[in-house]
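Take a look at the structure set out below.
Order of the sequence lines sets the chain letters (A, B, ...), proteins ahead of strands, with each chain counted from 1.
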There are 2 protein chains.
Amino acid sequence: MGLPKPTAERLSQLARLLEQRGGKNAPLSSAEIEQLTGWPSHTVRKDISLLGIPPEASTTLGYAPALLARAIRERLGFAEKAHPCCVVGLGRLGSAFLDYEGFGDGPFTLVAGFDSNVNRLEILKADFPLYPTFKMKDVIGRLGIEFAVLCVPPAQAQAACDRLVECGIVGVVNFTPVILSVPHGIEVENVSIIDALGTLVARLAARSNQ
Amino acid sequence: MGLPKPTAERLSQLARLLEQRGGKNAPLSSAEIEQLTGWPSHTVRKDISLLGIPPEASTTLGYAPALLARAIRERLGFAEKAHPCCVVGLGRLGSAFLDYEGFGDGPFTLVAGFDSNVNRLEILKADFPLYPTFKMKDVIGRLGIEFAVLCVPPAQAQAACDRLVECGIVGVVNFTPVILSVPHGIEVENVSIIDALGTLVARLAARSNQ
DNA sequence: AGTTGTGAAGGTATTCACAGCG
DNA sequence: CGCTGTGAATACCTTCACAACT
């Protein structure tokens, strides 16, 4: 059986938080997690309970970070090897990811970049190969790429997204401010600065609930 | 009374979608909005109903885009004039926002940038002034900046965030992969590529609900 | 006919409260 | 004791079904 969506999202972040703490392998209590994340401790415990962790991962002092993180990753279906991803659109924003260090040893890696401007492909340097857009279908299929990071100009966003879906991409991280339409079954995560600011205002407004 | 948080977030996106359609002022039905966004039409209608729109904004053919968008913006507490925002950390990612066009005539504008590297400040060009970090308190107070876009390297993220909170910032758009701890009352929207990919996997995993 | 608008029903997630365990 | 783990209670959001309107 699957986890509730909000639970899955919290756990995914929790795993990252645990991994970020690096050395610190001292047990971490639900109360401390509340401190760090703002999620109430009972929500944290419930989430972990739904996860169904092995008994060694929790002691009378709290949770064992490394074991808990691994349990989460497994349960959420993160592959053993990294998930291959690609960047689409290598303008200022897209090219900022070519040497992005945030991936570390996490479960994702960039394995390809695409841009329709061939000149640009020649100028840019990256640790992975860059391709002209017309090779998209071929490359995505061959490398088994699952996710795309969309950084094209707004006017091309929907078209590029449609194309990615055709190529078999299953999830899109959308850095453009365009609201994308996708077929059922494809996940989009909006990550545009505009969206994020809008969400902040919306949440601050929702506060008036009391 | 306030709106439910999910409703507020959907409406915020809907407003953007309506504004993006620019010229098209033909009425838009809840069924068409479902097409574009994937939200079921009854959810759309319920959201709009909770919003409490003026009667002119809906006809027997659908909603009047411009009027609806304005009603949403007002209800969500978007100011008449733009909300002032700042970018903190002007590396590859942060500096990509210096000439970002996505803001258009929307409700947000960047009015300041900060970086601790003074050399970098001299090299970069922007439509708004850039400052060394030590002027943060002064500038944020003087310009009434409400939101910050955090693009510093991971190792400095929490410290920079703490500082922003001290300066009176009320919301942070977090482009770093670090999970930030903030005091109650401050909103953080995580917008890092890592987070977004994690969320995608989490959501795809949650599907196994059937 | 085709649309919105909304009370009522249903489903999901959060919160509570306490049992259970080291 | 202080912590986790979890059924039960609550609150919240979504979905339904149909009335009202043009």
Separation of [X] atom [atom1] from [N] atom [atom2], in whole Å?
X     : N      : atom1 : atom2 : answer
B/I53 : C/dT6  : CD1   : P     : 9 Å
B/L3  : D/dA11 : CG    : P     : 20 Å
B/H42 : D/dC16 : NE2   : P     : 4 Å
A/L61 : D/dC1  : CG    : P     : 17 Å
B/K5  : D/dT14 : NZ    : C1'   : 18 Å
A/R10 : C/dT15 : CZ    : C1'   : 12 Å
A/E32 : D/dT4  : CD    : P     : 9 Å
B/Y63 : D/dT22 : OH    : P     : 15 Å

| task | Please step through side chain to side chain donor-acceptor pair (under 3.5 Å) for the pair B/E9 and B/S12, ending with a clear verdict. | result | CA-CA 5 Å; B/E9 294 194 20; B/S12 162; over 6 Å; no
Can you see if the side chain of [X] gets near the phosphate of [N] - specifically, an N or O under 4.0 Å from OP1 or OP2?
X     : N      : result
A/S29 : D/dC3  : no
B/S58 : C/dG5  : yes
A/T60 : C/dC21 : no
A/T43 : C/dA13 : no
A/R45 : C/dC18 : no
A/S49 : D/dT4  : no
B/T7  : D/dC13 : no

Practice task
Could you check if a side-chain atom of A/L11 sits within less than 4.5 angstrom of a side-chain atom of A/L3, using non-hydrogen atoms only?
Solution key: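 Contact flag for A/L11/A/L3 side chains = yes.
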- Query: With no hydrogens and no angle check, is any side-chain donor or acceptor of B/E189 less than 3.5 Å from a backbone partner on A/L197?
  - Reply: no
Worked verdict on B/F97 versus B/F175 for ring-ring contact (aromatic ring centres under 6.0 Å, His included): CA-CA 12 Å; B/F97 293 119; B/F175 273 88; 5.1 Å; yes
Nearest to side-chain heavy atoms of A/P4, which nucleotide of C/dG5, C/dA13, D/dG5: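 From the listed options, C/dA13 comes nearest.
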For DNA chain D, whose closest nucleotide is more 5', that of A/G62 or that of A/K46?
->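 First, find each residue's nearest nucleotide; the 5'-ward one identifies A/G62.
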Assert: residue with more 5' nearest nucleotide on DNA chain C, out of B/S30 and A/P40, is B/S30
Next item on the list: Give a yes-or-no answer on whether the side chains of B/T176 and B/N174 include a donor-acceptor pair shorter than 3.5 Å.
Entry: yes
